[in-house]
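Step one of this worksheet: look at the structure below.
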Amino acid sequence: MHKDYLSREEIARLQEKRFRETVERIFKRSPYYQKKLKEHGIKPVDIRGLADIHLLPFTSKNDLRGQYPFGMAAVSLKKILRLHASSGTTGKPIVSGYTRRDLSVWADAVSRICQMAGVTREDIAQISFGYGLFTGGFGLHYGLEKLGAMVVPFSSGNTERQLSLMQDFHTTVLVSTPSFALYMAEQARELGYDPASFHLRLGLFGGEPCSDLMRQEIEKEWGLKATLNYGLTEVMGPGIAGECSERNGMHLLEDYFYAEIIDPKTGERLPDGEKGELVLTPLTKEAFPVLRYRTGDITRLIDSPCPCGRTGRRMDYITGRSDDMVIVKGVNIFPSQVEEVLSTFPEVSPHYRLVLIRQKGFIKDLEVQVELTPQGFSDSFRELEQLEEKIRSRLRSTLSLGPKVKLMEPKSLERTTGKSRRIVEVEKGELE
Ligand code: ADP
Ligand code: ZN
C-alpha cells in the first residue's frame with residue numbers, strides 16, 4: 001500500500017514501531033543523547049512508546065550548534081555518506097549527516113512530496129535551489145529523479161541563462177524559493193520575455209514563507225500552479241510536508257516524522273488544532289538523529305480528511321519562525337503580520353522589509369519599507385503621502401504599534417536568488 005494512503009490506525013502503528021526503534025537506537029548509539037537523557041534521569045524503560053514522548057526533553061537549535069560539527073552523530077563516521085548544513089538564515093550553520101538509508105528515505109520522501117504536488121514522469125523540472133551544503137538542491141534533485149521526472153540541475157544564480165534554458169527545454173516545473181520565482185519573472189520581463197509564454201505549468205516552492213499575495217503574483221506572472229512544501233536541515237531537509245493539488249495545508253509524511261505542537265513559551269503540548277511551535281521527531285534517521293526538535297516554526301495541525309484521499313495530517317502555512325519575531329517598544333511582531341496588512345493594498349508589491357532602528361544597543365523603532373507596484377507608483381506627492389498614512393494606520397490597528405512607513409520605488413529593494421531577508425537592523429542615523 002502506498003504510504004500516503006495508509007489508514008490512521010496503520011500510521012499510528014507504524015509510528016509507534018518506528019519511535020520505539022528510534023529510542024532504542026538512540027540509547028544504544030548516540031553519545032549526545034545518552035548523556036542528555038541521563039542528566040534528565042530518563043532510562044530506556046521509561047520510554048515505552050509514543051505515549052511517553054512528553055517525558056523526553058526538547059532539542060533546540062542551540063543544542064545542535066553546541067555539537068558542531070559531528071557531536072550529533074550516532075553512527076561511525078564511515079557510515080555517513082553525505083553532509084549538509086543549514087543555510088544559516090538565523091546564525092551559525094548546523095551540520096546534518098546522512099547514512100545510505102537516510103539518503104534513500106530522503107529521496108523517497110521528496111519524490112512523494114513532488115508527486116503530491118502533481119509532478120509526473122512527463123515533466124521537465126528545473127531546480128533553481130542552490131546545490132551545495134543547502135539541502136534544497138540535492139534534496140529535490142534525488143526526489144525528482146526517483147519520481148522519474150527529467151531534472152535540470154541549474155542551481156541558483158545566473159538568471160539570464162536560467163531563463164533561456166527554461167525556454168529552450170520547454171521546462172514545465174520550476175523548483176525554487178518563492179522569492180526567486182518572483183524575481184525571475186521580473187527579470188524575464190526586463191529581458192524582453194513574456195513569462196506566460198514559457199511552458200511552466202507547476203511550481204514547487206519552499207524554504208521560506210509564501211504569502212497569498214506572493215503566490216498569486218507568481219501564478220499570474222508565470223501562468224503556473226504554485227505549490228508549497230516544507231522542510232528543514234536539522235530534521236532532514238525538504239520532504240517533510242507538502243501541498244497536494246487541493247492546496248489546503250501541507251500533508252506531513254507521518255510515517256517518517258512525528259509532529260507535536262507546543263506553546264513556544266511554556267513548552268506545554270497544545271491540543272490538536274491549536275496554533276503553536278512545531279516540534280518534530282524523525283522516526284527513521286540514523287546518522288544524526290534528533291528527538292523532539294523545536295523547529296521554531298509557528299503553525300497548527302489540521303486533521304480533517306483531505307479530498308485528495310491522502311491520510312497524512314496537514315500542517316497549516318507557517319505564519320512565522322519564532323526567531324523571526326521582533327520586539328519593538330514591547331510589542332511582538334512577526335513579518336507575516338505586516339505582510340498580511342500590506343497585501344490588502346493593491347498599490348504595493350510583495351517586496352517589503354522591516355528595518356529595525358537601533359540606538360545604543362536597543363531597538364528604538366521600526367520602519368516598514370514597501371515597494372510600490374508600477375501601477376501604484378504616482379507622481380503626486382500628496383497621493384503617496386496619503387497612501388503611506390493609510391498603510392500606517394492599518395498597521396497600527398493590527399500590530400498595536402504605528403511603525404514608520406516608507407514607500408519605495410518599484411524594483412528598488414534588494415532581490416535574492418535564495419531566501420529573502422525580511423528583517424534588517426541599522427543604527428539610528430544610518431537611514432537616509
Ligand atoms: P535556515 O534555518 O538557515 O533557513 P534551512 O535551510 O534548513 O535553514 O531552512 C529551514 C527553515 O526554512 C524552516 O525551519 C522554516 O522556517 C523555513 N521554511 C522552509 N519551508 C518553508 C515553507 N514552505 N514555508 C515557510 N517557511 C519554510
Ligand atoms: Zn490532500
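Residue numbers run from 1 in the order of the sequence given. Counting starts at 1 for both ligands and their atoms, following the listed order.
Under 4.0 angstrom from ligand 1, the non-hydrogen atoms of Leu232 come from both its backbone and its side chain. When heavy-atom distances to ligand 1 are checked against a 4.0 Å cut-off, Phe134 comes that close only through its side chain, counted from C-beta outward. For Glu243, no heavy-atom contact with ligand 1 is shorter than 4.0 Å. By the criterion of a heavy-atom distance under 4.0 Å, the backbone of Glu208, and not its side chain, is placed next to ligand 1.
For ligand 1, the polar-atom distance check against Cys210 finds no nitrogen or oxygen pair separated by under 3.5 Å.
Of all atoms in ligand 1, listed by their number and element, those nearer than 4.0 Å to a heavy atom of Ile318 are 25 (C). Close approach of ligand 1 to Lys61 is summarised as follows: ligand atoms under 4.0 Å from at least one heavy atom of the residue are 2 (O).
In this structure, the ring of Trp222 has its center less than 6.0 angstrom from the ring center of Phe198. Taking the six-membered ring for Trp and the full ring otherwise, Phe134 and Phe129 have centroids separated by under 6.0 Å. Taking the six-membered ring where the residue is Trp, the centroids of His84 and Tyr98 are separated by under 6.0 Å.
The aromatic rings of Phe138 and Tyr142 sit parallel, their planes meeting at an angle under 30°, below the 60° perpendicular limit.
Residues Asp255 and Leu283 form no side-chain contact, since every pair of their non-hydrogen atoms from C-beta on lies 4.5 Å or further apart.
A cation-pi geometry, defined here as NZ or CZ lying under 6.0 Å from the six-membered ring centre and within 45° of its normal, does not hold between Arg422 and Phe334.
Residue Gly231 holds the heavy atom nearest to atom 10 (C) of ligand 1 of all those in Pro209, Gly231, Ser86. By heavy-atom distance, the residue among Asp297, Thr233, Thr135 lying nearest atom 15 (C) of ligand 1 is Asp297.
In summary, the side chains of Glu367 and Gln369 do present a donor paired with an acceptor at a separation below 3.5 Å, with no hydrogens or angles considered.
Angle NE2(His251) to the Zn ion (ligand 2) to SG(Cys308), rounded to 10°: 100°.
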